[in-house]
Every structure is written in C-alpha cells, then in structure tokens.
There are 2 protein chains.
Amino acid sequence: MEELKVLAPQSPNYILKPFVAKFKALADEKRLRIMYELCQRGKTCVCDLVEILETPQSSLSYHLKMLMDAGLIRRETQGTWSYYEINTEEVNALLSEQLCCIFRPPGSCC
Amino acid sequence: MEELKVLAPQSPNYILKPFVAKFKALADEKRLRIMYELCQRGKTCVCDLVEILETPQSSLSYHLKMLMDAGLIRRETQGTWSYYEINTEEVNALLSEQLCCIFRPPGSCC
DNA sequence: ACAATACATCCAAAAAAATCGATGAATCGT
DNA sequence: ACGATTCATCGATTTTTTTGGATGTATTGT
C-alpha cells in the first residue's frame with residue numbers, strides 16, 4: 001500500500017494553489033468577456049454566447065469549462081440548453097468591490 | 001467652450017483589456033508566491049527571493065518583470081540591489097478584502 | 001421515425017508562456 | 001584597477017495553452 005504524500009498544510013504553495021486556477025481562468029480576454037456578458041445578461045446559453053463573442057462553439061465550451069473548473073461560473077441544464085451564470089459568492093470573495101460593475105451581477109454589491 | 005468629450009462607448013474588450021495583464025500576472029504559482037513573500041517581508045531584493053523560492057535568478061527576473069508590467073509591484077534600486085515591494089493601491093483595487101492576509105501587506109487592511 | 005439543434009469532447013496544429021544557462025552592464029569592496 | 005556581486009536581458013528549448021473542425025450524444029419539433 002503506497003503512502004499518501006501531501007504538501008505541508010502550512011507551506012505557502014499549499015495556501016496559494018487554489019488561487020492559481022482562479023486567476024488563470026480570469027487571465028484571458030475571451031473568458032473575461034464571457035464573465036462580463038454573464039454579468040450583464042444573467043443566465044445565458046452557449047448558443048447566445050457564440051453569437052455575441054463571434055467564436056466557434058467548441059472554443060466557447062472550452063473556455064466555459066475553464067471558468068467552471070475554477071468555480072467562477074455555474075451551469076444549469078434545461079433540456080438541450082446549457083445556461084451559464086456568474087457564481088457571485090466566488091467572485092465576491094475573489095475580486096475587489098471596485099470591479100463589481102464589471103464582474104459582478106448588478107445589484108449583488110454597491 | 002467645447003465640452004470635454006468622453007470617449008465614445010467602447011467595446012467591452014476595450015474595458016477588459018487592462019485586467020487581462022493583471023490576472024495573467026497572478027495566474028502563476030511562482031508569481032503568487034513572490035506576491036506572498038513580498039507581503040510578508042516588505043521590500044525584498046532579488047537575491048533573497050532566489051534563495052526563498054529556490055529558483056534561478058533569470059527566472060525570478062522574468063517573473064518580477066511580469067508583475068511590474070502589470071503594475072502589481074514596484075521596484076526601488078539602491079546601488080547594485082533591486083528591492084521589490086507590493087503596489088498596495090493596485091492590489092487593493094483588484095482583489096477582495098478576504099485576500100488581504102495573503103496578498104496585501106499586513107496593516108494595509110483588516 | 002427523422003431531421004435539426006445544442007453542446008461537450010476529441011484531436012492535431014498553432015500560438016503563447018516558461019525555463020535556464022550565457023552575456024553584459026553597473027556597482028561594490030579591497 | 002581588479003575581482004566579485006547584483007541583476008536585467010537574450011536566445012534556444014521545452015512546456016502549456018488555445019484554436020477550430022470533426023464526432024457523438026441528448027433533446028426538440030414535425
């Protein structure tokens with residue numbers, strides 16, 4: 001039976017690791033644009049985003065997955081449609097209030 | 001007298017662009033670690049960071065430049081030494097208060 | 001049942017970012 | 001003046017990320 005190896009919980013890298021994925025998810029113009037649109041429009045399906053961003057559907061799905069895996073957005077499936085929306089709690093916990101008008105849904109702050 | 005004209009309504013991408021570089025700068029474990037150490041220790045020179053992060057000097061310089069270009073840290077040169085420190089205003093404007101203990105210098109908030 | 005739509009996933013190619021030894025400029029100590 | 005130290009920049013290589021057409025599954029409308 002192999003031993004489970006774990007980073008020391010007090011190591012800085014252990015503390016910082018969860019944030020890397022979140023910042024990576026935000027470190028792309030297309031994904032920032034997705035975040036922006038989801039804030040402006042609320043729940044939005046992929047086919048609408050394809051039109052808004054003028055980006056191939058497979059590319060959109062890829063970027064949405066990045067944001068999902070980082071916990072910054074949420075998906076709600078209704079039949080064939082996938083509706084995505086901002087995960088307000090996560091975004092609020094991560095970004096400053098000054099960014100609320102850009103990356104937080106209207107009314108969720110300020 | 002002509003009225004000062006505010007820039008015509010810009011595309012979302014225009015608004016978002018400045019943030020891409022900032023999030024890109026934070027989207028790396030090594031650079032997050034640099035931010036963390038600068039917060040803990042205040043002004044720190046490159047040679048100290050080389051020892052702390054156990055990373056080649058050229059790599060450190062590369063990452064410090066990324067953070068500099070994003071405006072997240074500041075440099076102060078004293079003779080041969082380069083001291084880097086957090087740009088508190090920028091970080092506060094970008095990140096949530098909940099991250100203050102990790103990415104903001106102690107005492108600059110909470 | 002069939003055609004059309006929505007979307008996640010796959011995959012190979014292209015683009016972007018990171019790595020690290022080497023070089024060179026500036027400064028310091030002796 | 002000379003050797004040593006600090007650090008930014010260069011450049012070739014490796015690694016990671018992004019791209020977008022193709023494929024497959026699920027669902028909807030007729």
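Residue numbers begin at 1 in each chain, while the letters A, B, ... track the order of the sequences.
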Do the side chains of Leu94(A) and Phe19(A) get nearer than 4.5 Å, heavy atoms only? yes

Can you give me the first and the last nucleotide of DNA chain D (5' to 3') that has an atom within less than 4.0 angstrom of a non-hydrogen atom in chain B? dT5(D) to dT9(D)

Say you draw a straight line from CG of Leu64(B) to CD1 of Ile34(B); how long is it, rounded to the nearest 0.5 Å? 4.5 Å

With sequence neighbours excluded, what pairs up with Ser82(B) under the side chain to side chain donor-acceptor pair (under 3.5 Å) test? none

Salt bridge (Lys or Arg N to Asp or Glu O under 4.0 Å) pairs, two or more places apart, involving residues 51-63 of chain A: none

Less than 4.5 Å apart, any side-chain heavy atom of Met35(B) and any of Val91(B)? yes

Applied to residues 80-95 of chain B, the salt bridge (Lys or Arg N to Asp or Glu O under 4.0 Å) test, sequence neighbours excluded, yields Lys22(B)-Glu90(B), Arg74(B)-Glu89(B)

Side-chain touch Phe103(A)/Ile86(A), heavy atoms, less than 4.5 angstrom: no

List the atom pairs, with distances to 0.1 Å, where a side-chain N or O of residues 42-50 of chain B and a protein N or O form a donor-acceptor pair under 3.5 Å, not counting sequence neighbours.
from     : atom 1 : to       : atom 2 : distance (Å)
Lys43(B) : NZ     : Glu76(B) : OE1    : 2.7
Thr44(B) : OG1    : Gly42(B) : O      : 2.7

For Tyr62(A), all residues meeting ring-ring contact (aromatic ring centres under 6.0 Å, His included), sequence neighbours excluded: none

Let me have a per-nucleotide readout for nucleotides 16-27 of chain C, 5' to 3', with B, S or -, counting only protein heavy atoms under 4.0 Å. -SBBBBB----B

Could you note down all residue pairs passing salt bridge (Lys or Arg N to Asp or Glu O under 4.0 Å) where residues 63-73 of chain A supplies at least one of them, sequence neighbours left out? Lys65(A)-Asp69(A)

Under the side chain to side chain donor-acceptor pair (under 3.5 Å) test, residues paired with Arg75(B) that sit two or more places apart: Tyr84(B)

Is there a residue in residues 46-53 of chain B whose heavy atoms reach under 4.0 Å of DNA chain D, and which residues are they? Val46(B), Cys47(B)

Report for the helix from dA1(C)-dT30(D) to dT30(C)-dA1(D): angle between first-end and last-end helix axes, five pairs each, rounded to 10 degrees. 30°

Partners passing ring-ring contact (aromatic ring centres under 6.0 Å, His included) against Phe23(A) (at least two apart in sequence or in another chain): none

Identify whether any heavy atom of Tyr83(A) sits under 4.0 Å from a base atom; if not, whether one sits that close to sugar-phosphate; answer base, sugar-phosphate or nothing. nothing

